[in-house]
Amino acid sequence: MEPVSLDNLSILYQSSDFIVVNKHWDVRIDSKMWYEKLTLQSQLRYRFPELADPDTYYGFRFCHQLDFSTSGALCVALNKAAAGSAYKCFKERMVTKAYLALVRGHAQEPRMSIRYAIGKNTTEGLTHMMCIEGTEGCENPKPCQSELIVLEHGLYSGDPVTKVILQPLTGRTHQLRVHCSAVGHPIVGDFTYSHKQDGGPYRMMLHAYYLRIPTDKELIEVSAPDPFIPTLDSHWVPQRAMRQLDEVIQELKESSVRTAEEERQGGLWEKPGPEIPRLETEEPHAACEQWLAEWALE
């Protein structure tokens, strides 16, 4: 992607009810700080001034969140009814999200299910970070799960790295970054969770690649172009392919659709076993509750 500017917002999907943008890395969704003029909110206001809603906190109804350092697909609802239909999909665990990442080292297992509970780091100087259960200063850790699937082994600036698909099955703050670091494969360019060692790359290599939200209004299904290819970043040199990206995404989609259908029929809740993690995150849930409160006032 070219350097971010006010007028170069990339649109992946647009209808009368939704917009999906390809968020640039190192751009906040919104900021109340006077010195941060360039945000996703300001890009949307510049591109679609007629769609801004003064009754909302952000001016636009973001259906979910992406970290400042993360690029990729982000869905925006354009009215309250559309926001409600998206909320229902998150609530009923019908949303499929998959991220692309370059991680340090060559992951030897073709697939990993990472289940470390994550909490807030209360250690002095580290309160901006999250941490895994058992870490000193880790407060109120909550269960969560991420899936990691290996796509390719290769080199980045001469160092061994692995290109992976990451799927968050829960939604804790910084979950994918914390989980990758915890299994010994921190995300390339993640200065925070590499213990301040990985500051060389121009960005953190985490990208929201695939998003599927089957609302009752329309099916939103988009892929944000893969930025981790040699023609876009010559520092990345693939060496050995393990899985094809399109094939993995299709498998994740089919699994998500099948699980959602089973849960709607009540089948999974009748089976004994561990608690099934929710796709819905705490932050989007709070936003959805705010939307519902707004509707109740009308």
Side-chain angles (χ1 to χ4, degrees), residues 1-2 4-25 27-30 39-66 70-100 167-168 171 207-227 245-246 249-250 252-254 256-257 260-261 264 279-281 283-295 298:
M1 297 172 70
E2 60 185 355
V4 64
S5 65
L6 189 65
D7 61 355
N8 72 343
L9 181 64
S10 174
I11 305 299
L12 301 173
Y13 175 90
Q14 184 176 356
S15 71
S16 59
D17 289 311
F18 296 97
I19 295 173
V20 181
V21 304
N22 186 8
K23 176 188 169 296
H24 204 281
W25 70 88
V27 171
R28 299 189 192 283
I29 289 177
D30 180 51
T39 63
L40 181 54
Q41 178 200 40
S42 65
Q43 288 183 306
L44 284 165
R45 283 188 180 276
Y46 181 86
R47 181 76 169 270
F48 305 105
E50 73 283 1
L51 299 180
D53 186 343
D55 294 331
T56 63
Y57 180 79
Y58 287 114
F60 292 89
R61 303 172 189 277
F62 297 102
C63 298
H64 54 113
Q65 302 287 318
L66 290 179
T70 304
S71 61
L74 180 66
C75 184
V76 182
L78 298 180
N79 53 69
K80 292 180 181 179
S85 65
Y87 166 73
K88 180 181 178 182
C89 290
F90 279 95
K91 182 179 180 181
E92 296 183 359
R93 293 180 285 180
M94 298 163 62
V95 176
T96 306
K97 293 187 288 184
Y99 293 70
L100 281 171
Q167 186 181 28
H207 178 72
Y209 175 74
Y210 178 76
L211 177 66
R212 184 178 188 272
I213 309 177
T215 76
D216 54 13
K217 289 179 170 290
E218 61 202 81
L219 171 62
I220 301 167
E221 185 173 22
V222 296
S223 295
D226 180 0
L245 176 57
D246 290 347
I249 293 297
Q250 183 62 29
L252 294 181
K253 171 184 171 181
E254 291 173 356
S256 179
V257 171
E261 181 60 31
R264 279 196 298 271
L279 285 174
E280 182 184 7
T281 70
E283 293 86 352
H285 178 75
C288 290
E289 290 296 331
Q290 177 61 37
W291 297 335
L292 291 174
E294 290 174 1
W295 302 335
E298 295 189 349

What's the spacing between [X] [atom1] and [Y] [atom2] if we round to 0.5 Å?
X   : Y   : atom1 : atom2 : answer
I19 : L78 : CD1   : CG    : 4.5 Å
F90 : S85 : CZ    : OG    : 11.0 Å
L74 : H24 : CG    : NE2   : 14.5 Å

Sole residue of N79, D53, T56 in side chain to side chain donor-acceptor pair (under 3.5 Å) with R61:
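Exactly one candidate clears the test, D53.
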In this structure, which one of E221, Q167, K253, K97 forms a side chain to side chain donor-acceptor pair (under 3.5 Å) with Y210?
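That would be E221; it is the only one of E221, Q167, K253, K97 passing the side chain to side chain donor-acceptor pair (under 3.5 Å) with Y210.
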Looking at [X] and [Y], what are the two nearest heavy atoms and their distance?
X    : Y    : result
Q41  : G59  : NE2-N, 4.0 Å
F18  : A82  : CZ-O, 3.3 Å
C75  : L211 : CB-CD2, 3.9 Å
A208 : T70  : N-CG2, 4.3 Å
L12  : P225 : CD2-CD, 3.9 Å
F60  : F48  : CZ-O, 4.0 Å

Check whether any side-chain heavy atom of [X] sits under 4.5 Å from a side-chain heavy atom of [Y], and report yes or no.
X    : Y    : value
S256 : R212 : no
H207 : N22  : yes
V76  : L51  : no
V21  : F62  : no

Give the C-alpha distance, both sets of side-chain angles, the deciding distance and a yes or no for side chain to side chain contact (heavy atoms under 4.5 Å, CB included) between Q43 and V4.
CA-CA 10 Å; Q43 288 183 306; V4 64; 3.6 Å; yes
Residue among I220, I213, D216 satisfying side-chain contact (heavy atoms from CB on, under 4.5 Å) with C89:
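Result: among I220, I213, D216, I213 is the only option passing the side-chain contact (heavy atoms from CB on, under 4.5 Å) with C89.
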Does the side chain to side chain contact (heavy atoms under 4.5 Å, CB included) test come out yes or no for L6 and R47, once each step is laid out?
CA-CA 9 Å; L6 189 65; R47 181 76 169 270; over 6 Å; no
